[in-house]
**Q** 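I am attaching a structure below and will ask some questions about it afterwards.
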Amino acid sequence: GSRPPPSVAGEDSNRTPVPACCVGAAVTRSGGSLVGTSTVATVNGVATFTNLSLTGAAGGYFLSFGVPSVTAATSATITLAAGNAVRIGVVTQPSTSATSGSVFAQQPAIQLFDAGGNAVGQSGVTITAAIASGGGSLGGPTAVVTNGSGVAQFTDLSLSGAPGARTLLFAAPGLTSDTSNAIAVG
């Protein structure tokens with residue numbers, strides 16, 4: 001649901017509003033960053049952050065709001081969870097070398113990720129593999145569906161063709177694709 005923007009009252013030690021000052025916001029834990037305007041002027045002693053958002057790895061964060069010459073205020077815990085999948089990434093690379101026509105000793109695994117780089121646990125997303133560079137043909141099941149952890153584990157992939165380097169492209173509809181490291185086919 002929609003939440004109101006954070007507002008901070010700039011007050012001195014006697015709880016008197018501090019007129020016409022600026023309040024700055026900062027993340028107090030590494031791994032997160034603020035997007036939007038992180039310093040705003042007070043209006044009647046209150047600073048309202050209307051376009052401020054927090055991005056980063058899933059977990060708990062605190063925001064610190066500071067006014068010059070006044071003790072900073074710290075928010076309650078803000079918990080970030082993984083968002084919707086926007087891209088895929090190769091988390092287990094295929095073998096770096098392979099014999100033409102033989103199944104890779106190490107099969108690729110593909111993970112769904114959100115915009116903050118968090119793994120997204122979503123089942124039912126079809127990931128397809130294709131040759132990105134080097135030519136030849138790709139054997140084995142080239143479409144795999146993600147499990148509940150958002151991982152598509154390929155099995156029995158192989159490359160056939162003349163000796164040389166190949167890369168594989170992994171794609172899913174609506175998501176940013178990823179390419180494997182080079183595979184030397186001999």
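What you see is a predicted model; the values in this text were computed from it and never measured. FYI, side chains are in, hydrogens and waters are out, and symmetry mates aren't considered; it's all heavy atoms of this structure.
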**Q** Distance-only check: which donor-acceptor pairs under 3.5 Å involve side-chain atoms of residues 98-114, not counting sequence neighbours?
**A**
| unit_1 | atom_1 | unit_2 | atom_2 | d |
| --- | --- | --- | --- | --- |
| Ser100 | OG | Gly161 | N | 3.0 |
| Ser100 | OG | Gly161 | O | 3.3 |
| Gln106 | NE2 | Gln93 | O | 2.6 |
| Gln107 | OE1 | Asp156 | N | 3.3 |
| Gln107 | OE1 | Leu157 | N | 2.9 |
| Gln107 | NE2 | Phe104 | O | 3.0 |
| Gln107 | NE2 | Leu157 | O | 3.3 |
| Gln111 | NE2 | Val120 | O | 3.3 |
| Gln111 | NE2 | Ser149 | O | 3.0 |
| Gln111 | NE2 | Gly150 | O | 3.3 |
| Asp114 | OD1 | Gly116 | N | 2.9 |
| Asp114 | OD1 | Gly117 | N | 3.0 |
| Asp114 | OD1 | Asn118 | N | 2.8 |
| Asp114 | OD1 | Asn118 | ND2 | 3.4 |
| Asp114 | OD2 | Gly83 | N | 2.7 |
| Asp114 | OD2 | Asn118 | ND2 | 3.1 |

**Q** Contact between Ser75 and Tyr61 at the side-chain level, heavy atoms closer than 4.5 Å - yes or no?
**A** no
**Q** Please list, one pair per line, the donor and acceptor atoms closer than 3.5 Å that link side chains of residues 172-186 to other protein atoms, with sequence neighbours excluded.
**A**
| unit_1 | atom_1 | unit_2 | atom_2 | d |
| --- | --- | --- | --- | --- |
| Asp178 | OD2 | Val90 | N | 2.8 |
| Ser180 | OG | Leu168 | N | 2.9 |

**Q** Could you walk me through whether Val23 and Thr39 pass side chain to side chain contact (heavy atoms under 4.5 Å, CB included), step by step?
**A** CA-CA 5 Å; Val23 177; Thr39 301; over 6 Å; no
**Q** Could you report the tightest heavy-atom contact between Phe154 and Pro141, atom names first, then the distance?
**A** CD2-O, 3.7 Å
**Q** Residues in side chain to side chain contact (heavy atoms under 4.5 Å, CB included) with Thr37, at least two apart?
**A** Val40, Asn51
**Q** So Val27 and Ser33, do their side chains get closer than 4.5 Å, heavy atoms only?
**A**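 The answer is no; the side chains never approach within 4.5 Å.
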**Q** Is the count of non-hydrogen atoms from other residues, nucleotides or ligands lying under 6.0 Å from Asn84 atom CG greater than 12?
**A**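 At most 12 heavy atoms, drawn from other residues, nucleotides or ligands, come within 6.0 Å of this atom.
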**Q** Is the backbone N or O of Phe62 less than 3.5 Å from a side-chain atom of Arg29, with the two atoms forming a donor-acceptor pair by type?
**A**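 No, Arg29 side chain to Phe62 backbone: no donor-acceptor pair under 3.5 Å.
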**Q** Does any non-hydrogen side-chain atom of Phe49 lie less than 4.5 Å from one of Leu34?
**A** no
**Q** What heavy-atom pair brings Ser7 and Thr48 nearest, and what distance separates the two atoms?
**A** OG-OG1, 3.1 Å
**Q** Within the structure provided, determine whether Ser123 and Asn147 are in side-chain contact (heavy-atom separation under 4.5 Å).
**A**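 No. Closest side-chain heavy atoms not under 4.5 Å.
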**Q** Hey, could you give me the OG/CG distance between Ser97 and Leu159, rounded to the nearest 0.5 Å?
**A** 11.5 Å
**Q** Do Thr28 and Ser64 meet the criterion of a side-chain donor-acceptor pair at a distance under 3.5 Å?
**A**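 Short answer, no.
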**Q** Between Ala143 and Thr126, which heavy-atom pair has the shortest distance, and what is it?
**A** CB-CG2, 4.0 Å
**Q** Same cluster or not: are Leu52 and Ile78 linked, directly or through other Ile, Leu, Val, Met, Phe, Trp or Tyr residues, by side-chain heavy atoms under 4.5 angstrom apart?
**A** yes
**Q** Using modelled atom types only, decide if a donor and an acceptor are shared between the side chain of Arg166 and the backbone of Ser133 within a distance under 3.5 Å.
**A** no
**Q** Is there side-chain contact between Thr167 and Ile131, with at least one heavy-atom pair below 4.5 Å?
**A** no
**Q** Go through the steps to decide whether Thr128 and Thr142 satisfy the test side chain to side chain contact (heavy atoms under 4.5 Å, CB included), and finish with yes or no.
**A** CA-CA 6 Å; Thr128 58; Thr142 58; 5.9 Å; no
**Q** With heavy-atom distances below 4.5 Å as the criterion, would you say the side chains of Leu80 and Leu54 are in contact?
**A** yes
